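Read the structure below first, then the notes.
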Amino acid sequence: MSVKKGLLGLNPPQREAAETISGPVLILAGAGTGKTRTVTTRIAGMLYSDIPGSQILAVTFTNKAAAEMRDRVASMVDQKMAEDVTICTFHSLCVRILRTCIERLGYKKNFTIYTASDQQGLLRKIIVRKVSKDEKLEPKVASMAISSAKNRGERPEDLDDALIAEVYRTYQRELRQLNAVDFDDLLILAVQGLKENPDIKKQWQRRFRYFMVDEFQDTNHLQMSLLRLLVGPEKNVCVVGDDDQSIYGWRGADISNILDFERFFPGPKIVKLEENYRSTNRILRLANGLIRHNRGRREKTLWSGRGEGELTRLIAMPDAETEADFVINDIVEEHRLQNRSYDDIAILFRMNTQSRLFEEKLREHEIPYKVIGGQSFYERREVKDVLAYLNLLMNNDDDVSLLRIITTPPRGIGENAIGMATQFSIDRQCSIFDALHDIEFLASLSMRAQNAISRFLEFLDRYTDSANTDSVNYAAMTEAMLEEIGYTDYVKRICKSPDEADMRRRNVHEFLEGMHQHVSNRKTGLRGFLDAVALMQDKEEKEDDKENGTGVSLITMHAAKGLEFPKCFIVGVEEGVLPHSRSVEEGSRDEERRLFYVGITRAMEKLTITWCHSRRRYGDLMPCMPSSFFKELDEDELEKTDYQTLADEPADEELAADYFARMKEMLSK
DNA sequence: TCGGCGGAGTTTTTT
DNA sequence: ACTCCGCCGA
Ligand SMILES: Nc1ncnc2c1ncn2[C@@H]1O[C@H](COP(=O)(O)OP(=O)(O)OP(=O)(O)O)[C@@H](O)[C@H]1O
């Protein structure tokens, strides 16, 4: 009966899926039909029937989804029970696997996880060395090409482009030498580790008995391989997904995994869910009408018991500035008149850069908000500097970090010495750290440089020791280290204004605070903290720390998948933005349509879609066209207006005055 | 060796 | 418009 209690709040098909804990289960259902709720309740139900949490693994696609699932499970069962369940992303699961067995694959245990910017730093170095000036290759382009090759399981020799193949080969060799792995390697190496080492595979298969994967439509082949390796002969594996919400094709995600699921895990119980518990029928019909334009898709029934609701507004704006003003005004009004919590409101967009204007306006109006995803705190220059120091202390062979900090602040080791050390490390196939120790290398330098290097190495050794000692206060250690090298003064020097220097100092402080908290809460050591940062696991937590974590959410439609908000704005919906021109070029219009579908289906009660007649691009004002997807939206579910009409309404006098004032200003320029 | 200036490129989406 | 990278003068 306690099992039943756990499964309360599910409808019959959901319940059937939750109760079927033996053998494969495939839940295929549209947006908002309670797939995730079924999974979380399923976990809770299992815990109620005395299955140890430690045997349960639930994999999600983003850290945010993992955190949310963990919270939801924790609210349903005893705290202790919930803690034992492993709920994480594929990537963090791989890190856990690799920390136990990467030595079998020729890496050292203290390997560093390279973020996108570390990766591009390394690629830049390789490109400069390998590629002549006339064939120009952007590090970013190279990283995309290499990443997609890796996700397709292709080796350098499988690539058509000889240039990329050569860069790829060198890149991979260097990563190994630096004892570093990139994001894709996490998956590749974990799969390889399990495949090549039956004992390790057995060990991990014994570790978990029950598996769940949310947003299964977004898994790629590597992730599928990993799942197959982990799932034991019992095949207790439940995956949930929606082919209409597949939006990560560009990362190698392939919905044919859904078909393959039946192949690898034969005879699954297939569950279909048709009742949407999230949105009003008007919103649902709008979304269904749009997605129906995708070719080769299986039609789904989807209905809602939440009433008809309001029409979706589709509003034309003169420019992005006015758009932001309008949205923020609407939010203020809703908050004041309807007493709507800011937490219930989200602004969705296609690209992270689109959030900036909205952030500014929200700050202006002193409205609390949170930017989810986007330019991370950890991408800040000063934070990256400190991170590079810490990464280097944990892995002295990490040349990318070493090269970053050896001149930050300048310490008498200049371009010349660094260039020679790099060359030496290439010739000798060793790390730069090792090169700096080499007597023969040192002999080729001036006395001055030799002294600077030996001071630097002494410094590194000293802090490497404390960083690798347990029960050290790492934040205090880092602070002492920064003090010793005069980092704060250095920052002051390179900043243009005292304000900027102050902000950067505060960022470093906040970073150290966060580090201290993470390390003392989880007892994972400095290594664990650095892994979490690389996997971007801490981002959300930071938000929460900022008391109650309340506010309007600013989020891309990609990152919003799986979330829901009573009131949503989808902004900047212009041709070239959604669908994005690059996607149209690549022929993935259908995926863009799915993305729009995901955006629309985030809204529970009220949806507003806006677009601009003109938008600033590369500095100057460019005319824009409305998204071609608008033609596919059912007119009956829409209330089409433009800003002018709204501004003429008396309620918005203030806003109109604002607008005309700005027009005047623009004309007078 | 260091810091300031000028030019180029910038806008997908995430782990 | 804004940021990052590379080049050059002190
Ligand atoms: N049986 C139910 N009774 C009441 N509410 C439900 C039920 N099932 C789901 N819900 C609610 O419906 C909303 C959507 O659920 P959930 O997020 O699990 O859907 P989903 O299928 O995972 O959606 P998406 O595919 O968009 O991520 C949630 O607020 C959830 O609490």
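Quick caveat: nothing in here was measured; it's all calculated off a predicted structure. Protein chains get the first letters and strands the later ones, always in sequence-line order, with residue 1 at the start of each. Computed from heavy atoms alone, side chains included, the values below leave out hydrogens, waters and symmetry copies.
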Item to complete: Quick one, give me the B/S/- string for nucleotides 1-7 of chain B, reading 5' to 3', where B means a protein heavy atom under 4.0 Å from the base and S means that only happens at the primed atoms, P, OP1 or OP2.
Response: SSS----
Worksheet item: How would you label the contact of Gln120(A) with the nucleic acid (heavy atoms, under 4.0 Å): base, sugar-phosphate, or nothing?
Response: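 Nothing, no nucleic acid heavy atom in range.
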Practice prompt. Check every strand shown and say whether Phe90(A) touches a base, only sugar-phosphate, or nothing at a heavy-atom separation below 4.0 Å.
Written response: nothing
Can you see if the side chain of [X] gets near the phosphate of [N] - specifically, an N or O under 4.0 Å from OP1 or OP2?
X	N	answer
Asn352(A)	dT12(B)	no
Thr556(A)	dT14(B)	yes
Lys64(A)	dT15(B)	no

Nearest-angstrom distance from the residue atom [atom1] of [X] to [atom2] of [N]:
X	N	atom1	atom2	answer
Asp620(A)	dC2(C)	CG	P	13 Å
Ile146(A)	dT15(B)	CD1	P	21 Å
Arg617(A)	dG9(B)	CZ	P	16 Å
Asp185(A)	dT15(B)	CG	P	18 Å
Glu575(A)	dT12(B)	CD	P	16 Å
Gln223(A)	dT15(B)	CD	P	12 Å
Met557(A)	dT12(B)	CE	P	15 Å
Arg582(A)	dT14(B)	CZ	P	15 Å

Worksheet item: Would you say the side-chain atoms of Arg594(A) pair up with the backbone N or O of Ser246(A), donor to acceptor, closer than 3.5 Å?
Response: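 Yes, the answer is positive, given that a donor and an acceptor are paired below the 3.5 Å cut-off.
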Please pick, from [options], the nucleotide with the shortest atom-to-atom distance to any side-chain atom of [X].
X	options	result
Ser583(A)	dT13(B), dT10(B), dT12(B)	dT12(B)
Asn63(A)	dT15(B), dT12(B), dT10(B)	dT15(B)
Met351(A)	dT12(B), dT10(B), dT14(B)	dT12(B)
Lys140(A)	dT15(B), dC2(C), dT11(B)	dT11(B)
His558(A)	dT10(B), dT12(B), dT13(B)	dT13(B)

Taking only residues two or more places apart in sequence, or in another chain, which ones meet [X] in a side-chain contact (heavy atoms from CB on, under 4.5 Å)?
X	result
Thr36(A)	Met69(A), Arg72(A), Asp214(A)
Met144(A)	none
Glu364(A)	Lys361(A)
Gln245(A)	Ala31(A), Lys35(A), Gln217(A), Asp242(A), Lys561(A), Tyr597(A), Val598(A), Arg602(A)

Worksheet entry | Arg99(A) to Phe111(A) six-membered ring, cation-pi geometry met (6.0 Å, 45°) |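 Pair Arg99(A)/Phe111(A) counts as cation-pi.
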Worksheet item: Can the positive tip of Arg380(A) be found less than 6.0 Å from the middle of the six-membered ring of Phe511(A), inside 45° of the ring normal?
Response: no
Item to complete: Determine the Euclidean distance between corresponding P atoms of dT13(B) and dC4(C); express it in Å to zero decimal places.
Response: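 Approximately 16 Å lies between the P atom of dC4(C) and that of dT13(B).
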Item to complete: Could you name each residue pair satisfying side chain to side chain donor-acceptor pair (under 3.5 Å) that touches residues 574-583 of chain A, not counting sequence neighbours?
Response: Glu574(A)-Arg615(A), Glu575(A)-Ser628(A), Ser583(A)-Glu592(A)
